[in-house]
Amino acid sequence: MSITGTSGKTGAGTDVACRLAFFKGLQAITARIHATQDVDEIVFELARELCALFDAERLSFFTVDESGSALVARVKTGAAALGGVRLRIDESSIAGYVALSRRPVNIRDVYDAAGLAAISPGLAFRKTGDERSGYRTRQMLAAPVVDPEGGALYAVIQLINTRHDDEFSGIAQEGLLALAQTLGSAFAKRSKAPATLRSRYHALIAEGRITAAQLEDAMRRVRDGDARADDVLAESFDLTLADLGEAAARFYHVPYEPFRQERVRQMDLLRHIKREYVEQNLWLPLEETDEGIVVLAVDPERVRASRIAQNVFPKSRLAFRVTTAAEFDRTVDQFFEPSMELGSVSDLLHDLLEEEQEISVADDVMAAADNELVKLVNKVIIDAHRQGASDIHIEPRPGKEKTQIRFRKDGTLVPYIQVPASYRNALVTRIKIMCDLDISERRKPQDGKIKFRKYAPLDVELRVATVPTAGGLEDVVMRLLANSEPIKLDKLGLTAHNLERLKKVITKPYGLFFVCGPTGSGKTTTLHSILGHINTPDTKIWTAEDPVEITQKGLRQVQVNRKAGLDFATMMRAFLRADPDVIMVGEMRDLETVSVGIEASLTGHLVLSTLHTNSAPESIVRLLDMGMDPFNFGDALLGVLAQRLAKRLCEHCRTAYRPDEAEVLQLLDEYCEDMQATPDFREDPAAARAAVFARLRTTHADEDGRFTLYRAVGCSECNAGYKGRVGLHELMLATPEAKRMIQERARVSQLLGVALAEGLRTLRQDGIEKVLAGITDMAQVRRVCVR
């Protein structure tokens, strides 16, 4: 029975009867709440009954999110799918005010500004829901749900619009307070008990991604049609497969395993498993690790309970992973569908496994000529090139352990495949044959090159190094040297500040310019971008490189050959007799090469080169320590560009967030830490720090002065949230003051202080600016910018 008759228009006896009936109905509802383990779900189930009991048109139920600063809609009857409405706990909404004040409200007209101001001067009604849905909210009765003992706020419950278009009665207000108290007890009971989820999708409700009503509606559509739950949820609520997978992982208490394009099937695990069996039972062995055999399943609990996987692998430990139905189907296609061209690498491994017993492993040369092994090596190189790998690492292991092959992608090694143990020597022998190395020599390191277009229609060159390891084995590392075009200087990832300064210095007619950094930091790429910028028909440019990795029209490029006596110093002397305008030398590592470079720069040539040093000021001190004359060197120097490569955030899956004040201050601290040597910081640190912060807000914050940062997430397009790399740069120009300090043999700290005062931004500062621009994150900057 509803409380429609309690408005005072009926007799006293009727009022008493209505009151008794109302509280009897409320008691039945509270009994069900006390008996449940899932408070959110019971409110959803009881929503219609509560509306009928309180004679209300609609009900909303908000819970406090994990941060404690916002409310998340769990139940909204009668509303369209709103994707989990979030309200701040403040006076910008009625529910937010109830949460803030911990007091109930009974409002006759939510659009009556005077009536709202009478409750609290700052109270406002959030009209967004009405404007979106066309529904008109009038009356509202709301109460906070708090822990009756500890006073913790759990939720807010709202009743909207009485059916008789009058304000909610005193009995309704009394009843809602009793209901809120019951809910508070239920929440307190749940908070003391271990958290449980009802299904693989309920973690999405707990995180506020969807409401219980939305999940129920999606499940109803799944039952009525042929669509899968994953597909319906993903399409309806803008959820990714990773969101659904992580929710399932929380429910099953096993890690989520996404689909990985580079995964290779382990034929020894799949030898007796057919595709039809996998599709029927929805589980698949992925690989064997230290945990045991990794089993991928859509419902790992069912697979574990039925012991069907344990029956297939009776003597092995199993490690379960959960995935979504769509990603499981893609993995099945990947493992069981033959690929084009050379065939999949898994099929090639399978062919090797079948022939393993027939091959005489003692005859490595004959094994290396085996057709399947030749195709496998070609396939490994082609896959490395397609996946953007910079290096291929082949790592044989002793005994019967398989040979591991790994790719270095974006600076990180990732597993690729494992080759049967009996082929480890033949695999190395095949690679040695391809680069004309001594196949009988296994005790000494060897270096060589593979021109891969001789073996496959792919124009790529590989630099090969073999290294003898324990147990009479040999490791092989192959670096891919694609004959690529240079990157445009504007696309190199330099900030506008550094790009403008760099363009000014490299267009000078003579002088010495260095790019420094560790191996693999992109020094050669940067030099070729600079050469591409100044490469004009009226300029003669000679380069001496080891090896020639990037080719450009208009450049005269020479490959260093130390065996023939062609080293960098010899080539530079030859270039000086060949009427150059610009000379690029791959590396200056000794006194003779640097001396010739200084001589060339002082005689009217622009000389570009690289150094293996950590920072721009350190490069200058290092060269002086090598014995350079400080006066000649100071006159010749134009500048030094130090650089590192950090992983770039994947633009498909990165997640934006607003950093709190502590995180912003931490970034500012790290940015200003490198500036302590400047005069401004020595004189007035607070004012200098404020000036830096103001500049960063001007260049990287929004109109309200708030910064936006991004987190790595991970998707099928990237590697753990990162895809590609971005350069971090530190450009020091040889200004008159810097030249004077070079001639006085100043220390690194003194040079750094002068350079910072004249506009240098350190590698870490450049990285922080790229974090604020959303290109990378601080974890990557801290990893590569060590001081």
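Computed from a prediction, not measured in an experiment: that's the story for all the values here. Positions are given from 1 along the sequence.
- In plain terms, the two heavy atoms of Glu618 and Asn614 that are nearest each other are OE1-CB, 3.3 Å.
- For Arg443 and Glu474, the salt-bridge test fails: no basic side-chain N is under 4.0 Å from an acidic carboxylate O.
- No donor-acceptor pair closer than 3.5 Å links the side chain of Thr403 to the backbone N or O of Ala421.
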#### Entry: Asp490/Lys503 under salt bridge (Lys or Arg N to Asp or Glu O under 4.0 Å): CA gap, chis, key distance, verdict
CA-CA 10 Å; Asp490 296 345; Lys503 284 182 175 179; 2.9 Å; yes
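- No salt bridge links Asp391 with Arg463; every basic N to acidic carboxylate O contact stays at or beyond 4.0 Å.
- Ionic pairing of Glu395 and Arg406 is present here: one or more N-O contacts between side-chain nitrogen and carboxylate oxygen are shorter than 4.0 angstrom.
- Within the 4.5 Å cutoff, no side-chain heavy atoms of Val477 are placed close to those of Ile392.
- With hydrogens and angles ignored, the 3.5 Å screen pairs a side-chain donor or acceptor of Asn535 with a backbone N or O of Lys553.
- In summary, Arg275 and Asp333 engage in a salt bridge, as defined by a charged side-chain N under 4.0 Å from a carboxylate O.
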#### Entry: Residue pair Glu291, Arg321: steps toward the salt bridge (Lys or Arg N to Asp or Glu O under 4.0 Å) verdict
CA-CA 12 Å; Glu291 294 180 76; Arg321 302 285 188 270; 2.6 Å; yes
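- A donor-acceptor contact shorter than 3.5 Å links the side chain of Gln557 to the backbone of Gln552.
- Not one N or O on the side chain of Gln643 forms a donor-acceptor pair closer than 3.5 Å with the backbone of Leu728.
- No side-chain donor-acceptor contact under 3.5 Å links Lys449 to the backbone of Asp436.
- No donor-acceptor distance shorter than 3.5 angstrom exists from the side chain of Asn719 to the backbone of Tyr722, with no hydrogens or angles considered.
- Partners of Thr240 under the side chain to side chain donor-acceptor pair (under 3.5 Å) rule, at least two apart in sequence or in another chain, are Asp243.
- Shown here is Glu651, whose CD atom has no more than 12 heavy atoms of other residues, nucleotides or ligands within 6.0 Å.
- With Asp581 contributing its side chain and Lys540 its backbone, the two residues share a donor-acceptor pair below 3.5 Å.
- The neighbour count for Glu500 CD, taken as heavy atoms of other residues, nucleotides or ligands under 6.0 Å away, does not exceed 12.
- When atom types are taken as modelled, the side chain of Glu587 and the backbone of Ser609 share no donor-acceptor pair closer than 3.5 angstrom.
- The two residues Ala326 and Leu241 make their nearest non-hydrogen contact at CB-CD2, 4.3 Å.
- Shown here for Leu473 and Arg397, the closest heavy-atom pair between the two residues is CD1-C, 3.6 Å.
- Of all heavy-atom pairs spanning Ala646 and Val784, the tightest one is CB-CG2, 4.3 Å.
- Ring geometry for Phe407 against Tyr416 counts as parallel: the plane angle stays under 30°, on a 0 to 90° scale with 60° as the upper cut.
- Of the possible donor and acceptor atoms, none in the side chain of Glu441 sits under 3.5 Å from a partner among the backbone N and O of Gln446.
- A side-chain donor-acceptor contact under 3.5 Å links Asp410 to the backbone of Gly724.
- Residue Thr543 comes nearest to Phe575 through the heavy atom pair O-CZ, 3.5 Å, listed as atom of the first residue, atom of the second, then distance.
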